[in-house]
Structures are given as C-alpha cells and as structure tokens.
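Quick caveat: nothing in here was measured; it's all calculated off a predicted structure. Both backbone and side-chain heavy atoms feed into the values below; hydrogens, waters and symmetry mates do not.
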Amino acid sequence: MINMYQRKTGPSAINLLSAALVAAIAWSAAAQAAECPRSGTLGTSRILKVDPATYPRVGLKSFEQTLPLEDHEVVLTFDDGPWPATTPKVLAALADECVRATFFLIGKPASEHPALVRRIAAEGHTIGHHTWSHNNLKYMSLDDGRAEIERGIAADEMALHGVATTTPSTPFFRFPYFNMTPQTLDLLQSRGIAVFGADLWASDWNPMTPSQQLKLLTDRLTIARKGIILLHDPKAQTAAMLPAFLRYLRDNHYRVVHLVPATSGADVKAAR
Ligand SMILES: [Zn+2]
C-alpha cells in the first residue's frame, strides 16, 4: 500500500514538467505586467474592489445605482468575446496603454478558445460572465435561464482553471441585451453575483466606421463625464477604434478604473 501511495503521489516526470510549465507561464505573465506602469501611457489609475453585497446591480442604463466613480473616471468593459479575429487586437491596444478592463465572456466561444480566455486573464484583465449562448433570458423560463447562466459560468471557469464549476471565481455577470427578469435578478443576488449594466455605450452593434464610432462615444462621454462603458471586442470596428479612444482618454485626462472582485487578493496584486 505504501508503495502504491508513493507511486500515485510522488513527483512523476509529467508532474515536474507541468510544474515547470506553470512556473514559466507565471514568469511570462509577471514579465508582461512588469512593463506597466509605463510613462507616456494612459495606465490604470486605481483598483476598485466590487462587493456584490454592496453593489448587487450597477449601471444607469438599467438600474438606479452605479459604481462610485469620480468625475473623469471610466471603467472599460467588453462583451461577447472571446473572438480570435478581434479580441487579440483589443488586448494589444489595452496593453499598449497599460490599461486593465473587464471582459464579459460568452461560454460557448470560451469553451472553443480556452487559450484566448487564459490570455485575457494572464494580461491582468477581469473576467465576468455573459451566459452560455447569448440567449435573451427575458423570453426563457426561469429553469432555462438558470441553465444558460450556469452553463456559461461553468464553460468560462473550465477555460480559465480547468474546473467546470458554476461558482464563478469572479462573481460578475451581465445579461445579454440587458434583458432580465425579477426572478433571474433575484437568483443572481441570492448567489452573491453582481449584475452589471452600463452607464454609456458606443452602440457598436450598429455598423459604422471606427471614426464615426469614436465621435459617438466621445460625445456621449463628454456629457456623462464618467461611467461604466460598454464595448464589444468581437466587433472589428471597435477593435479598430480602440487605440484612438484610449489616446483620447489620455489626452483629455480621463482615468481608467480597474474592477476586481472584493474577495480577490491575487487580482489586486497583479493589477498596476
Ligand atoms: Zn452581449
């Protein structure tokens, strides 16, 4: 029995190899993070820990409450990824400016592109959840809606950590189309998951050129002065616009706030 036990748990070549791999990935992520902050970039100005007990529902487009942002503070959020054609461009634009964002992922593409999901996390961004297949939960039964939510969380967690748990490591969720029901809102609140709306958006679901989109978004931001901004990383026009938008934020003295879950220590340490 002792021999069997030792054989099962002793360091095998495979275990040693995966330990080395994990260490190499951690080193690589740390090396990337070490490049920020960098002078001449927009940067992330502060970390905001979001506790779902204090902020169960945020975003003025859907709710009365939003996050406690100061004048000229913005939070960048990206929905509907990961999408291999465009998400890497968005990540590159954010990295160029040392900016951290929150990505609300759809479970099905997350399950198809797990390496991209891990890359988003490794680059210091926060990962929230956006259902399994982007169904409109307003027109589903509560059971079907719950299944959409939980399957999405499990797919994102599987891609991130290799465990298909329905308990999200970051308890942030956004409804597709912002279409919610009192029952699904209650369900998420009872599970300690914060529901994110948005304070403003670029309307990037409508086709337009990147420069038209930049003007629309910056005009809206001039009026709102701050807020949670909704963008879509699978949209090519958004990926194309983003570098200019980040430069606009820098030139106009906006400050980017990075959201992390209140319980997370590792994310706070990684964010700069
Ligand atoms: Zn969406």
Side-chain angles (χ1 to χ4, degrees), residues 50-67 75 77-84 86-87 101-114 116-117 120-121 126-207 228-235 238 259 261:
V50 178
D51 184 349
T54 312
Y55 295 100
R57 298 160 194 178
V58 293
L60 299 176
K61 290 283 192 185
S62 303
F63 308 112
E64 289 182 2
Q65 187 185 39
T66 193
L67 293 172
V75 168
T77 66
F78 294 89
D79 283 12
D80 295 3
W83 194 246
T86 47
T87 303
T102 298
F103 288 76
F104 289 90
L105 302 183
I106 303 175
K108 188 167 186 294
S111 70
E112 292 161 353
H113 310 289
L116 186 50
V117 174
I120 296 169
T126 295
I127 292 195
H129 308 280
H130 197 46
T131 75
W132 163 252
S133 62
H134 210 271
N135 259 310
N136 194 330
L137 300 197
K138 196 174 179 179
Y139 304 113
M140 299 178 87
S141 70
L142 179 58
D143 281 349
D144 288 349
R146 182 190 290 116
E148 263 287 310
I149 292 168
E150 292 189 338
R151 194 177 174 194
I153 291 170
D156 298 341
E157 293 297 325
M158 184 70 190
L160 268 177
H161 304 299
V163 182
T165 174
T166 56
T167 300
S169 44
T170 296
F172 296 171
F173 178 84
R174 191 179 256 153
F175 283 91
Y177 316 104
F178 295 115
N179 271 344
M180 53 202 84
T181 62
Q183 292 84 359
T184 43
L185 282 170
D186 288 347
L187 169 74
L188 290 157
Q189 188 163 2
S190 72
R191 294 191 48 191
I193 299 172
V195 173
F196 281 74
D199 295 326
L200 68 156
W201 50 52
S203 300
D204 59 356
W205 49 88
N206 295 324
I228 306 167
I229 299 174
L230 165 68
L231 298 162
H232 290 83
D233 52 301
K235 293 288 179 189
T238 297
L259 306 183

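The heavy-atom pair separating P109 from G81 by the smallest distance is CG-O, 4.1 Å. The two residues T77 and L230 make their nearest non-hydrogen contact at OG1-CA, 3.5 Å. Taking all atoms of both residues into account, the shortest heavy-atom contact from A110 to D156 is CB-OD1, 3.2 Å.
Side-chain contact check for I228 versus T66: some heavy-atom pair is nearer than 4.5 Å. Between R174 and V195, every side-chain heavy-atom pair lies at or beyond the 4.5 Å cut-off. Contact check for I153 versus T131: no side-chain heavy atoms found under the 4.5 Å cut-off. At a threshold of 4.5 Å between non-hydrogen side-chain atoms, the residues L137 and I149 count as touching.
Every salt bridge (charged side-chain N to carboxylate O under 4.0 Å, His left out) that E150 has, sequence neighbours left out, goes to R191. By the side chain to side chain donor-acceptor pair (under 3.5 Å) test, R151 is found to be paired with no residue, residues two or more places apart in sequence or in another chain being considered. Under the side chain to side chain donor-acceptor pair (under 3.5 Å) criterion, K138 pairs with no residue at all, not counting sequence neighbours. Considering only residues two or more places apart in sequence or on other chains, A194 meets the side chain to side chain contact (heavy atoms under 4.5 Å, CB included) condition with P52, F172, F196. D204 pairs by the side chain to side chain donor-acceptor pair (under 3.5 Å) definition with H232, T238, not counting sequence neighbours.
Put simply, the residue from F103, W205, F104, W201 that forms a side-chain contact (heavy atoms from CB on, under 4.5 Å) with D79 is F104.
Counting only N and O atoms by type, the side chains of S133 and N135 include a donor and acceptor under 3.5 Å apart.
In this structure a side-chain-to-backbone donor-acceptor pair under 3.5 Å is present from E157 to S169. Judged by distance alone, the side chain of S111 and the main-chain N or O of K108 form a donor-acceptor pair under 3.5 Å. Remark: the backbone N or O of G128 is not paired with any side-chain donor or acceptor of T170 at under 3.5 angstrom.
Summarising the geometry, atom CD1 belonging to I120 is positioned 5.0 Å from atom CG belonging to L105; distances are rounded to the nearest 0.5 Å. Remark: K235 NZ to D233 CG distance equals 11.0 Å, nearest 0.5 Å. Taken from CD1 in I127 to NE2 in H161, the straight-line distance is 8.0 Å, to the nearest 0.5 Å. How far OG1 of T87 is from CZ of F78: 9.5 Å, rounded to the nearest 0.5 Å.
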Show which side-chain atoms of residues 175-187 pair as donor or acceptor with protein atoms under 3.5 Å away, not counting sequence neighbours.
| unit_1 | atom_1 | unit_2 | atom_2 | d |
| --- | --- | --- | --- | --- |
| Y177 | OH | H134 | ND1 | 3.3 |
| N179 | ND2 | N136 | OD1 | 3.1 |
| T181 | OG1 | T184 | N | 3.1 |
| T181 | OG1 | T184 | OG1 | 2.6 |
| T184 | OG1 | T181 | N | 3.1 |
| T184 | OG1 | T181 | O | 3.1 |

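Taking a 6.0 Å sphere around CH2 of W83, one finds it holds 12 or fewer heavy atoms contributed by other residues, nucleotides or ligands.
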